[in-house]
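Scroll down for the structure; my scribbles are underneath it.
Worth knowing before you read on, the calculation uses all heavy atoms, side chains too, and leaves out hydrogens, waters and symmetry mates. Numbering of residues begins at 1 and proceeds along the displayed sequence.
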Amino acid sequence: MRYKWLIILILATLLGACSSTKWVVLDEPEVDQSDYKLLRTDYLLQRTSTVTTDAPVLVYSAKTANTYEYAKRLRTDRYIQRYRPRWGYVLLGTLTAGLITYSAHSELFIESPSTAEQNALTITAAAVMGVSLLNMKPLGEPRPTGESRLLRKVGTTNITDTLSAVPATPSADIRLRYNDQLLLDWSERTFVDDKLYVNFVEELNPNLLNGDDGDAIITVDTRYINQVYTERLPLASIFDRFIEVISSVTPLRNTAENFNGNILTDLAQGSQLKLLEAGERWHKVQYGLTEAYISVTDVRLSWRPSQFASQLSIITVPNIPFGNVDIERNIPELGRFRAQASAFLLTNQNYTGRYEERTYAQRDARLMEEYMTNTLGVNPSKVSRANNISSNRQLVLAFNQLVSKLDANTTQLLVFLSGYTEFDDGEWNLVAAGDSIRSDSKLSLKNLFEGIAQLPVDEIIVFADLDMANTVRVDDNTAQEELAGIITNRKTQSAVIFASNLDQRSYLYSVPNGEQKRHSVFTYFLAESFKQGKTDLEAIIEHLERNVTFTSRRLFDLPQDINAFGNTTIQLVD
């Protein structure tokens with residue numbers, strides 16, 4: 001049994017590893033939460049809301065900021081480390097301890113060892129075995145026990161704690177700026193339930209905001225306890241943009257293109273839609289569940305709260321086919337064509353850029369063609385048409401087409417013109433169709449009139465439904481008279497009738513929620529005079545003077561006075 005202790009020690013070693021604990025000092029000092037003193041208390045506001053178009057409210061909560069001084073101390077953490085024996089050392093130690101123990105109880109090295117010598121050798125064997133067992137290898141990473149101790153103080157640190165609080169004063173002052181413009185000077189607002197609310201629907205007047213400025217910024221300054229808090233918010237995060245139709249009628253299209261086949265409906269003046277995306281030529285808008293496009297020249301943009309979408313005024317003008325308006329039905333017929341008559345119709349309808357679309361220009365031209373061929377007896381084969389002329393080359397081609405249809409029997413030419421005109425520095429130009437901002441084309445009316453005046457016909461009558469878009473202030477109509485004189489001075493049997501004075505507009509016979517004749521006022525009553533059997537120019541002019549001026553003032557409270565130059569005694573039909 002003398003080796004019993006050695007056998008037990010070896011078995012214990014072989015059974016596995018052992019664990020031990022140790023305390024480790026951290027590199028960074030620890031804040032002692034129990035050792036502190038209050039340095040100061042500050043009162044402040046903290047923004048607690050996200051401003052959106054659905055909730056355009058800026059909310060501040062009253063807070064207190066307490067600043068404390070805390071002690072910083074060294075910190076030690078306790079860890080558990082598992083170890084396993086280093087089997088090489090254990091084996092070597094076991095062999096060595098066994099050899100020493102054997103020597104202690106035999107005469108291998110010492111003859112008849114005394115008890116003291118045996119005890120010394122036994123203790124040495126135990127020491128060797130113990131050293132081999134203590135030389136163990138760490139097993140895995142140390143595991144924290146969660147125990148820690150704070151040691152000596154090594155410094156201090158300041159920590160600020162922000163908490164909800166009752167406002168230090170019952171109110172605060174706010175100031176609102178729109179870009180660099182002051183909208184509201186310092187004005188007092190009261191706390192409600194320890195919160196300060198800035199409701200932009202109540203604070204901002206949308207009519208003071210420029211709808212064309214999509215990058216506008218609203219700056220909110222809030223003054224509380226001698227401190228000013230500033231928030232810069234995009235206006236687009238507060239309000240939505242909407243369009244309002246400013247032209248009499250404008251087409252709403254399903255694509256950003258200008259042709260008759262993509263028109264969803266016509267919108268009357270005053271119609272409103274939500275803007276989805278602003279563009280240079282077309283705005284994308286929301287029409288019900290549909291995305292649609294509308295010309296930028298026919299609308300103005302405005303900022304409104306998002307709930308304004310539920311109050312939109314949408315005034316649609318049904319797209320009624322030609323023949324359903326009173327003036328388009330029951331057109332009187334002469335029953336024969338006059339060999340001496342010819343006609344030329346030039347209409348520019350499709351505009352973008354500076355000018356709104358001339359919505360019913362092509363419908364006007366078709367109406368005039370119907371009356372010229374049926375009532376005034378012009379043979380359809382001698383009618384020349386030109387639509388949406390955008391360059392002088394196209395204008396020359398259209399004029400050449402007119403010339404090609406004249407023959408030796410032609411003595412009378414009826415001309416109908418529709419579109420925008422510009423009068424600048426004594427020059428008359430028909431505005432080219434298309435993008436009136438980007439287009440460099442100037443269609444000279446003077447050259448066109450000179451070309452018409454040189455045609456080999458005896459009688460020329462021009463009906464000029466020209467919209468003086470760049471209205472100018474003049475005391476008389478000398479400029480119109482000079483333009484008309486290019487024809488009337490050369491042909492004694494000629495006349496030119498303008499739809500309005502130089503400083504007036506040629507209006508559409510279209511009123512929101514009212515009369516919808518789908519023609520210009522001038523063209524409607526010109527056709528009406530033909531329908532009533534008036535074929536002498538004097539009677540036609542009298543009918544226009546009486547009805548055009550009256551209707552314009554009745555519908556729009558604005559003047560539109562026709563001007564006639566030349567021989568007004570001409571009979572259109574003998």
Side-chain angles (χ1 to χ4, degrees), residues 5 8-50 59-94 97 123 126-169 191 193-196 222 224-231:
W5 65 271
I8 293 173
L9 184 60
I10 293 173
L11 289 174
T13 303
L14 295 176
L15 285 177
C18 66
S19 300
S20 70
T21 62
K22 62 179 178 179
W23 291 90
V24 178
V25 178
L26 300 184
D27 293 336
E28 291 295 328
E30 177 78 3
V31 174
D32 187 353
Q33 298 289 343
S34 63
D35 186 357
Y36 67 90
K37 63 179 179 180
L38 178 65
L39 297 180
R40 69 176 185 275
T41 297
D42 298 316
Y43 295 91
L44 53 88
L45 294 179
Q46 187 176 80
R47 177 179 170 179
T48 56
S49 72
T50 299
V59 182
Y60 287 107
S61 294
K63 302 285 184 177
T64 57
N66 297 317
T67 302
Y68 298 90
E69 181 183 270
Y70 287 89
K72 296 178 71 174
R73 301 178 182 276
L74 290 179
R75 171 181 166 178
T76 62
D77 286 348
R78 191 175 188 181
Y79 291 86
I80 296 177
Q81 178 66 62
R82 289 180 59 80
Y83 296 91
R84 67 174 178 82
R86 299 180 186 270
W87 301 115
Y89 287 103
V90 172
L91 180 60
L92 180 61
T94 301
I123 292 171
V128 170
M129 187 65 189
V131 170
S132 68
L133 292 177
L134 291 176
N135 190 5
M136 304 183 77
K137 181 178 181 179
L139 182 63
E141 295 295 328
R143 292 187 295 108
T145 65
E147 298 178 67
S148 62
R149 294 175 183 174
L150 294 179
L151 305 179
R152 71 181 185 277
K153 182 177 178 180
V154 294
T156 60
T157 185
N158 294 341
I159 298 177
T160 300
D161 188 15
T162 302
L163 302 171
S164 297
V166 175
T169 61
F191 283 90
D193 296 331
D194 301 337
K195 290 181 172 55
L196 185 72
T222 305
Y224 175 68
I225 313 296
N226 298 322
Q227 186 171 353
V228 176
Y229 304 85
T230 298
E231 295 285 347

Inset, instruction - Calculate, to the nearest 0.5 Å, the distance between atoms OG1 and CD belonging to T64 and Q46 respectively. - result: 10.5 Å

Legend entry - Residues which pass ring pair (Phe, Tyr, Trp, His ring centres under 6.0 Å) with Y43, listed by chain and number, not counting sequence neighbours: none

Legend entry - Neighbour count above 12 (heavy atom, 6.0 Å) for D193 CG: no

Inset, instruction - Grab the two heavy atoms, one from A62 and one from V166, that are nearest each other, plus how far apart they are. - result: CB-C, 4.5 Å

Legend entry - Distance in Å, L45 CG paired with Q227 CD, rounded so as to fall on 0.5 Å steps: 8.0 Å

Legend entry - side chain to side chain donor-acceptor pair (under 3.5 Å) involving K72 - partner list, sequence neighbours excluded: none

Side chains of residues 34-41: which donor-acceptor partners sit under 3.5 Å, not counting sequence neighbours?
unit_1	atom_1	unit_2	atom_2	d
S34	OG	D32	OD1	2.6
D35	OD2	R73	NH2	3.0
R40	NE	D42	OD2	3.1
T41	OG1	N66	OD1	2.9

Legend entry - Contacts of S61 that satisfy side chain to side chain donor-acceptor pair (under 3.5 Å) - sequence neighbours left out: T48

Inset, instruction - Please round to the nearest 0.5 Å and tell me the distance separating atom NZ of K63 and atom CG of D194. - result: 10.0 Å

Legend entry - Student check: side-chain heavy atoms of L44 and I225 closer than 4.5 Å: no

Legend entry - Closest non-hydrogen atom pair, Y60 against E231: OH-CG, 3.0 Å

Legend entry - Residue list, side chain to side chain donor-acceptor pair (under 3.5 Å) with T67, at least two apart or on another chain: T160

Legend entry - Residues that F191 engages under ring pair (Phe, Tyr, Trp, His ring centres under 6.0 Å), provided they are two or more places apart: Y224

